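Comments concern the structure below.
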Protein chains: 2
Amino acid sequence: MREFLRTKGFKMTPQRELIFRSFFEMGKHVSVDELYDKVRQQDSSVGYSTVWRNLKLICKVGLAEEVNLGDGVTRYDRATETPHGHFYCVDCKKLTEFDMDNIVGQLAIISRDNDFVPSGFKIEIQGRCRACREKEATPKKTTDAQAEAQKP
Amino acid sequence: MREFLRTKGFKMTPQRELIFRSFFEMGKHVSVDELYDKVRQQDSSVGYSTVWRNLKLICKVGLAEEVNLGDGVTRYDRATETPHGHFYCVDCKKLTEFDMDNIVGQLAIISRDNDFVPSGFKIEIQGRCRACREKEATPKKTTDAQAEAQKP
DNA sequence: CGGCCAAATGAAAACGATTTTCAATTTCGA
DNA sequence: TCGAAATTGAAAATCGTTTTCATTTGGCCG
Ligand SMILES: [Mn+2]
Ligand SMILES: [Mn+2]
Ligand SMILES: [Zn+2]
Ligand SMILES: [Zn+2]
C-alpha cells in the first residue's frame, strides 16, 4: 500500500495508514462520520478533515467511489472487481448490492446507440426489502396537508 | 391543475400557479436557483422558499422527481410517461436522456431474484458526449500531487 | 546521519444548498 | 361572510462539505 501510494506521489503517515485500514475493514457504503468514529476509537487525535481528505484520496487512486442516494450524505463504496448496482429500501434505507454483469452489455449498447462513450454505470433500484415488507407496519394516514407538504 | 391539487388538499395561489407553469415550461433537470430566476422574471416578489416548497410539492404529487448527480445540487425532473435513464458527461456535465423501457424488464427480474420489491429504477451512465470527444482538448498533466489530491 | 521541501495534518472557519421558523397574508369551504 | 388551515416571504438555522492556515512530518538527497 505504502508503495502503491508512493508511486502516485503520496506519502504514508500513521493517520493515513489507520484511515485506509479502517475503511477497508468496515463494510461498504461508509460515510465520513462513520469512518471518523471508527478511526477515533483507535486514535482520538485524528482530525475530521484528515479522514475526509483520505477518503477522497482513496477514491482518487481508484480504490473506492462515492455513492449519492440523495439523502444528503455522501458514502464511500469500496471498489469491486465487477460492477454492482444498489437496492435502496425506501423504508429502512438499507443499501444492498446486486451484480450487474448481465446488464452492462445492454447499457453499453444503449450508449453506443446514443453516441455516448461510457466510463461508468450506476443503477439504483428503489423499493422495499423483505424485512420491511414483513413488518408491514404503520399505514400512517395523511392528516395535515401542510405538515405533509412542507415537512420531510 | 387547480382541481388536481384541490383533491389532494392543497390550495392554489398566484405564486404556485406561476411556479408550476414556469417549471413545466422549462426543460428537464431544473435546479431551485434556475427556477427561482425564471419565476422572478415574471414576478420578482416571489420568495426563494416558496419556489423550493413548490418544487417539493410538485414531486410529492408525482409530477416530478429529484435527480442527484453528486454535484451538490438537486435537480427536478419532470415525470415522464416511460422511465428514462441519464447520460452524464463528465466533461461538460450535460445531462441527456435515454429510454430504458427495454431494460426495466431485466431490472424487475433482478429485483425479484433478490427478494426486493421495486418501485423505481434509476440508471446513470457517466462518460463523454460526442461534442466533448470532438473537442478532444487539454490533456492537462499532473504536476502537484497535493493540489491534485486536495483540490477539486 | 542531518537538511530540505513538498506533502500531510488538525482546528477552525468558510461555504453553500437545503430546510425551518415565524409573523403576516391568503384561500376556500361551511 | 367567517374562520380554520394553508401559504407565503424574509431571515435564520442546519449541516455536510470544503478550504484555510499554521505547524508537523515523511522521504529523498547529499
Ligand atoms: Mn455498493
Ligand atoms: Mn431526466
Ligand atoms: Zn427495508
Ligand atoms: Zn460533454
Side-chain angles (χ1 to χ4, degrees), chain A residues 1-3 5-20 30-37 39-40 43-61 66-76 142-152, chain B residues 1-3 5-20 30-37 39-40 43-61 66-76 142-152:
Chain A
M1 185 71 254
R2 179 186 215 85
E3 190 55 16
L5 286 178
R6 201 180 56 66
T7 64
K8 299 196 176 239
F10 301 107
K11 297 174 176 175
M12 183 46 78
T13 66
Q15 296 92 332
R16 177 160 292 168
E17 161 107 42
L18 173 59
I19 292 169
F20 273 52
V30 183
S31 67
V32 182
D33 284 347
E34 286 165 356
L35 183 54
Y36 176 64
D37 288 343
V39 166
R40 300 275 292 201
D43 178 349
S44 65
S45 71
V46 178
Y48 182 92
S49 49
T50 298
V51 172
W52 178 80
R53 281 187 289 235
N54 276 289
L55 230 17
K56 287 286 186 185
L57 179 63
I58 291 174
C59 290
K60 187 168 298 267
V61 298
E66 303 191 345
V67 179
N68 272 90
L69 289 319
D71 64 347
V73 186
T74 299
R75 291 176 175 277
Y76 296 80
T142 300
T143 50
D144 181 341
Q146 176 170 36
E148 281 301 307
Q150 306 196 337
K151 304 198 173 177
Chain B
M1 186 70 252
R2 180 187 215 83
E3 190 55 18
L5 286 178
R6 199 181 57 64
T7 64
K8 299 195 175 242
F10 300 106
K11 297 173 177 175
M12 183 48 77
T13 67
Q15 296 93 330
R16 177 160 292 169
E17 160 107 44
L18 173 59
I19 292 169
F20 273 52
V30 184
S31 69
V32 182
D33 284 347
E34 287 165 355
L35 182 55
Y36 177 65
D37 288 344
V39 166
R40 300 275 291 203
D43 178 350
S44 66
S45 71
V46 179
Y48 182 92
S49 48
T50 298
V51 172
W52 177 80
R53 281 185 289 233
N54 276 289
L55 230 19
K56 287 287 187 183
L57 179 62
I58 290 174
C59 290
K60 187 168 298 265
V61 299
E66 302 190 346
V67 180
N68 272 90
L69 287 321
D71 64 347
V73 186
T74 299
R75 289 177 177 278
Y76 296 80
T142 301
T143 52
D144 181 341
Q146 177 171 35
E148 282 300 308
Q150 305 197 339
K151 302 197 175 179

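Quantities reported herein were computed from a predicted structural model and do not represent experimental measurements. Within every chain, numbering begins at 1; the chains are lettered A, B, ... in the order of the sequence lines, protein sequences first and strands thereafter.
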Of Gly47(A) and Arg6(B), the one whose closest DNA chain C nucleotide lies more 5':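 Looking at DNA chain C, the more 5' nearest nucleotide goes with Gly47(A).
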On DNA chain C, does the nearest nucleotide to Met12(B) precede the nearest nucleotide to Glu17(A) from the 5' side, or the other way round? Give the residue.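 By nearest-heavy-atom nucleotide position, the 5'-most residue is Glu17(A).
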Do the non-hydrogen side-chain atoms of [X] and [Y] ever get within less than 4.5 Å of each other?
X: Val46(B); Y: Val51(B); result: yes
X: Lys11(B); Y: Arg2(B); result: no
X: Glu3(B); Y: Thr7(B); result: yes

Sugar-phosphate, base or nothing in reach of [X], heavy atoms under 4.0 Å:
X: Asn68(A); result: nothing
X: Asn54(A); result: sugar-phosphate
X: Ser45(B); result: sugar-phosphate
X: Thr74(A); result: sugar-phosphate
X: Arg75(B); result: nothing

May I have the distance from [X] (atom [atom1]) to [N] (atom [atom2]), rounded to whole angstrom?
X: Glu34(B); N: dA17(C); atom1: CD; atom2: P; answer: 12 Å
X: Tyr48(A); N: dT20(D); atom1: OH; atom2: P; answer: 18 Å
X: Leu69(A); N: dG16(D); atom1: CG; atom2: P; answer: 15 Å
X: Glu66(A); N: dG16(D); atom1: CD; atom2: C1'; answer: 12 Å
X: Lys60(B); N: dT19(C); atom1: NZ; atom2: P; answer: 12 Å
X: Lys8(B); N: dA5(D); atom1: NZ; atom2: C1'; answer: 19 Å
X: Tyr36(B); N: dT19(C); atom1: OH; atom2: P; answer: 17 Å
X: Leu18(A); N: dT9(C); atom1: CG; atom2: C1'; answer: 14 Å

Does [X] make a side-chain N or O approach to OP1 or OP2 of [N] shorter than 4.0 Å?
X: Gln15(A); N: dA8(C); answer: no
X: Ser49(A); N: dT19(D); answer: no
X: Lys11(A); N: dC28(D); answer: no
X: Thr13(A); N: dT25(D); answer: no
X: Arg53(B); N: dA6(D); answer: no

Would you say Ser45(A) and Asp43(A) are linked by a side-chain donor-acceptor pair, where the criterion is simply a distance under 3.5 Å?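 Short answer, yes.
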Selected nucleotide, minimal atom distance to Pro14(B) side chain, candidates dT18(C), dG26(D), dT27(C):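 The answer is dT27(C), which lies nearest to the side chain.
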Output the single nucleotide from dG9(D), dT9(C), dT27(C) whose closest atom is nearest the side chain of Thr50(A).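 From the listed options, dT9(C) comes nearest.
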Determine whether a donor-acceptor pair (one donor, one acceptor, N or O, separation below 3.5 Å) exists between the side chain of Arg16(A) and the base of dG26(D).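 No, no donor-acceptor pair under 3.5 Å.
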State whether the side chain of Arg16(A) and the backbone N or O of Asn54(A) hold a donor-acceptor pair below 3.5 Å, judged by distance alone.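 Not at all, since once roles are kept as given, no pair shorter than 3.5 Å links the two residues.
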Can you see which heavy atom on Val61(B) is nearest to which on Leu5(B), and at what distance?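 Nearest pair, atom of Val61(B) first, then Leu5(B): CG1-CD2, 4.1 Å.
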